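Inspection log for the structure reproduced underneath, given as structure tokens.
A quick note: this is a predicted structure, and the numbers were derived from the prediction, not measured. Position 1 is the first residue of the sequence; numbering continues from there.
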Amino acid sequence: MDREQLEQNQIPIYFAAVILAAIGGLAFPTASQALSVLVTPAIAVLMYAMFLQIPFLELREGLSNKRFMLALLIANFVLIPLLVWALTRGLSDHPAILMGALLVLLTPCIDYVVVFTHLGKGDARLTLVATPVLLLLQFVLLPLYLAFMLGPDSAVVISISPFIEAFLLLIVLPLILAVVTAAGGKGSRVVNLWNHAWGWVPVPAMATVLVVVIASQMAFVVGDIDQLLPVFPVYISFMLLAPLIGMLVARAFRLPATTVRSVAFSSATRNSLVVLPLALALPEEIRGLAAAAVITQTLVELVSELIYIRAIPSLVRERVEVPFRR
């Protein structure tokens, strides 16, 4: 299998990883739960591999598409948070799953959303170029969203240190290394070979992260399924409404169909893999259930993405200009 075939078969690979992880997590719960120590380093490797694929020299050109960026930012950081706030009001008596739901639903995806956008006939390149902006903004704004939505009377005590640690380990360090090695590839054959070799890594790295994350948490999800039931209507409602919000915002900015699809996928796809370390750093009394809520959203989302790649292109079609006839 060459690199192109590997990338074309990403979805079957990811679903195979999820199924194997779920089976392993249930069949060998003790051994699988020990994989939780690998979550952060596995995600850091994935982020480095993903950042290396971003054409940083073309970043300015991509960000100059102001209508796309405005639509993307308004959808993800204004309207989607309002939707999340409305949908999660019924979880106020369940602080652990409320925290998990807020963590995952308030953070737009920056990794496999590119794959699903491409499969859904969106502009995957624009989505890829926008990922550093989405990543930086979500970690800056997430503590503010949580403070507002949990309220001053919340029993959950939020520590800022896990956010800073995750930001440094999962974003800043991989991003700096990716920029340095990408720039060094122009003047060094060895570095260029290194960068080329890492072009093979994103797909197996994503599969590895899915295995580590889901296997380590699957026993908790199944064990707490009765407590997780209130979050399912929230996730299903989000699955139905979030892409529609993205489409409406993009249409308001009069974007072309491929770009409308990109905003729709970004609005609906969440950053569950990257925020899981934040859930695992919560106070012990809510940590397990909050992490289970994050993983539950991942499982719901992977199914919904299969619907999106068919439904979104059907809902968002290219406008055909009909010539005027007297």
Side-chain angles (χ1 to χ4, degrees), residues 11 54-55 58-88 104-138 141-142 145 149 233-272 297 300-325:
I11 302 306
I54 296 175
E58 301 173 23
L59 192 61
R60 183 176 178 182
E61 179 183 347
L63 298 181
S64 66
N65 191 331
K66 294 179 181 178
R67 287 189 299 154
F68 167 70
M69 288 304 301
L70 279 173
L72 195 69
L73 297 181
I74 289 172
N76 276 304
F77 297 112
V78 178
L79 297 182
I80 292 299
L82 289 174
L83 173 66
V84 172
W85 178 80
L87 292 177
T88 56
V104 69
L105 294 181
L106 290 169
T107 51
C109 183
I110 47 81
D111 35 58
Y112 58 64
V113 66
V114 179
V115 178
F116 288 116
T117 299
H118 174 70
L119 292 173
K121 300 179 181 178
D123 192 330
R125 190 172 184 81
L126 269 182
T127 301
L128 181 64
V129 170
T131 53
V133 177
L134 292 176
L135 197 56
L136 292 171
L137 279 178
Q138 66 186 258
L141 294 174
L142 183 58
Y145 290 145
M149 295 186 190
V234 173
Y235 289 158
I236 293 170
S237 299
F238 184 89
M239 178 190 82
L240 296 172
L241 296 174
L244 296 178
I245 288 174
M247 290 179 206
L248 292 173
V249 173
R251 283 298 193 198
F253 280 88
R254 302 181 65 83
L255 295 174
T258 53
T259 316
V260 174
R261 295 171 195 145
S262 299
V263 178
F265 273 99
S266 180
S267 300
T269 312
R270 303 290 91 188
N271 210 10
S272 56
Q297 191 277 336
V300 172
E301 181 176 271
L302 287 172
V303 174
S304 68
E305 293 291 346
L306 295 181
I307 300 172
Y308 292 157
I309 60 177
R310 299 282 185 180
I312 290 177
S314 298
L315 292 171
V316 183
R317 297 181 180 274
E318 296 287 355
R319 293 176 179 174
V320 179
E321 297 293 336
V322 180
F324 175 74
R325 294 182 180 179

Heavy-atom pair with the smallest gap, counting every atom of [X] and [Y]:
X	Y	result
Ile312	Pro243	CD1-CB, 4.3 Å
Phe265	Thr117	CB-OG1, 3.4 Å
Ala75	Pro81	O-CD, 4.3 Å
Gly246	Ser267	CA-OG, 3.3 Å
Leu72	Val263	CD1-CA, 4.2 Å
Arg261	Gly122	CB-CA, 3.9 Å

Practice prompt. Quick one: do Ile80 and Phe238 satisfy side chain to side chain contact (heavy atoms under 4.5 Å, CB included)? Show the steps, please.
Written response: CA-CA 9 Å; Ile80 292 299; Phe238 184 89; 3.8 Å; yes
Hey, is the main chain of [Y] close enough, under 3.5 Å, to the side chain of [X] for a donor-acceptor pair?
X	Y	result
Arg270	Gln297	no
Tyr308	Met239	yes
Thr258	Asp123	no
Gln138	Pro108	yes
Thr107	Val104	yes
Arg317	Ser314	yes

Atom [atom1] in [X], atom [atom2] in [Y]: separation rounded to 0.5 Å?
X	Y	atom1	atom2	value
Ile74	Ile245	CD1	CD1	13.0 Å
Leu87	Leu83	CG	CG	4.0 Å
Leu134	Leu73	CG	CG	6.5 Å
Arg310	Leu119	CZ	CG	10.0 Å
Phe68	Thr259	CZ	OG1	7.0 Å
Leu241	Ile236	CG	CD1	11.5 Å

Discussion item. For a side chain to side chain contact (heavy atoms under 4.5 Å, CB included) check, start with the C-alpha distance between Thr127 and Ile110, then their side-chain angles and the critical distance, and finish with the verdict.
Written reply: CA-CA 8 Å; Thr127 301; Ile110 47 81; over 6 Å; no
Item to complete: Answer with yes or no whether the side chains of Asn76 and Ser266 bring together a donor and an acceptor at under 3.5 Å.
Response: yes
Worksheet item: Are Tyr112 and Glu301 close enough that a side-chain donor and a side-chain acceptor fall under 3.5 Å?
Response: yes
Fill in: Side chain to side chain, Leu306 and Ile11, heavy atoms closer than 4.5 Å
yes
Item to complete: Begin with the C-alpha distance, continue with both residues' side-chain angles, and end with the deciding distance and a verdict on side chain to side chain contact (heavy atoms under 4.5 Å, CB included) for Tyr235 and Leu105.
Response: CA-CA 9 Å; Tyr235 289 158; Leu105 294 181; 4.1 Å; yes
Practice prompt. Check the pair Phe77, Tyr145 against side chain to side chain contact (heavy atoms under 4.5 Å, CB included), reporting the backbone distance first and the verdict last.
Written response: CA-CA 10 Å; Phe77 297 112; Tyr145 290 145; 3.5 Å; yes
